[in-house]
Amino acid sequence: MLSEKINKVLNNQIKIEAESSQAYLAMACWADTCGYEGAAQFLFEHSDEERQHMLKLIHFVNTRGGNVEIFELSKPKGNFENMKELFEALLEHEVMVSENINNLVAVTFEEKDFATHNFLQWYVSEQIEEEALARSILDKMALIGETENGLYLIDNELKALTTGATPSGLAQ
Ligand code: OFO
């Protein structure tokens, strides 16, 4: 059984994961429109992953006898100056998510909810990976430079990071 406090913070995390999915969906659309095929694929897939993170939390809350609340989402930013600005925004978003996960873990200690504590360790590890990935993309951009050739190389690098699966079942 979840305490009211844990249930509330988990519901807030469900909202954050849904907003992450929306944020990356908006980024993917921008990249697609600009012709960055690799970046678009990478971001569509990332958006799908965030939805999975949300669903994983929803199933956990339901399994533990809690009540899931689905909130209204804020409109994500859908326009960027360039790829660098987009990936800086992505990193900033992931850092915010990591802070929220850390706060959530702190609440599990307060509430002595070690089942939720264990469950959240997956998110702690995931955030380390996601922040590292965003930083490595920005590092590569700084190294290769934002010339047309540089951006083409980055776009190919991003494509290599994708699974190649069609995003959310849409026809390509
Ligand atoms: Fe849900 O991992 Fe990124 O935000």
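Counting starts at 1 for both ligands and their atoms, following the listed order. One-based numbering along the sequence shown.
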Taking the side chain as every heavy atom from C-beta outward, state whether [X] and [Y] have any pair of such atoms under 4.5 Å apart.
| X | Y | answer |
| --- | --- | --- |
| Q41 | K159 | no |
| V97 | E17 | yes |
| I137 | L90 | no |
| N12 | N100 | yes |
| Y24 | H93 | yes |

- Query: Quick one: does H93 get an N or O within less than 3.5 Å of an N or O on ligand 1?
  - Reply: no
- Message: Need the atom name: nearest N/O/S atom of E17 to atom 1 (Fe) of ligand 1.
- Response: OE1
- Message: Among the N/O/S atoms of H53, which is closest to atom 1 (Fe) of ligand 1? Give the atom name.
- Response: ND1
- Item | Contact check: E50 to atom 3 (Fe) of ligand 1, N/O/S below 2.8 Å | yes
- Message: Can you tell me if Q127 contacts ligand 1 (heavy atom of the residue under 4.0 Å from the ligand)?
- Response: yes
- Message: Only heavy atoms of V97, strictly under 4.0 Å: list the atoms of ligand 1 that pass.
- Response: 4 (O)
- Rounded to the nearest 0.5 Å, what separation is found between the OH atom of Y123 and the CG atom of N102? 14.5 Å
- Message: Can you tell me which portion of E94 lies within the under-4.0 Å heavy-atom range of ligand 1? Options are side chain, backbone, both, or neither.
- Response: side chain
- Is the distance from atom 1 (Fe) of ligand 1 to some N, O or S atom of E130 under 2.8 Å? no
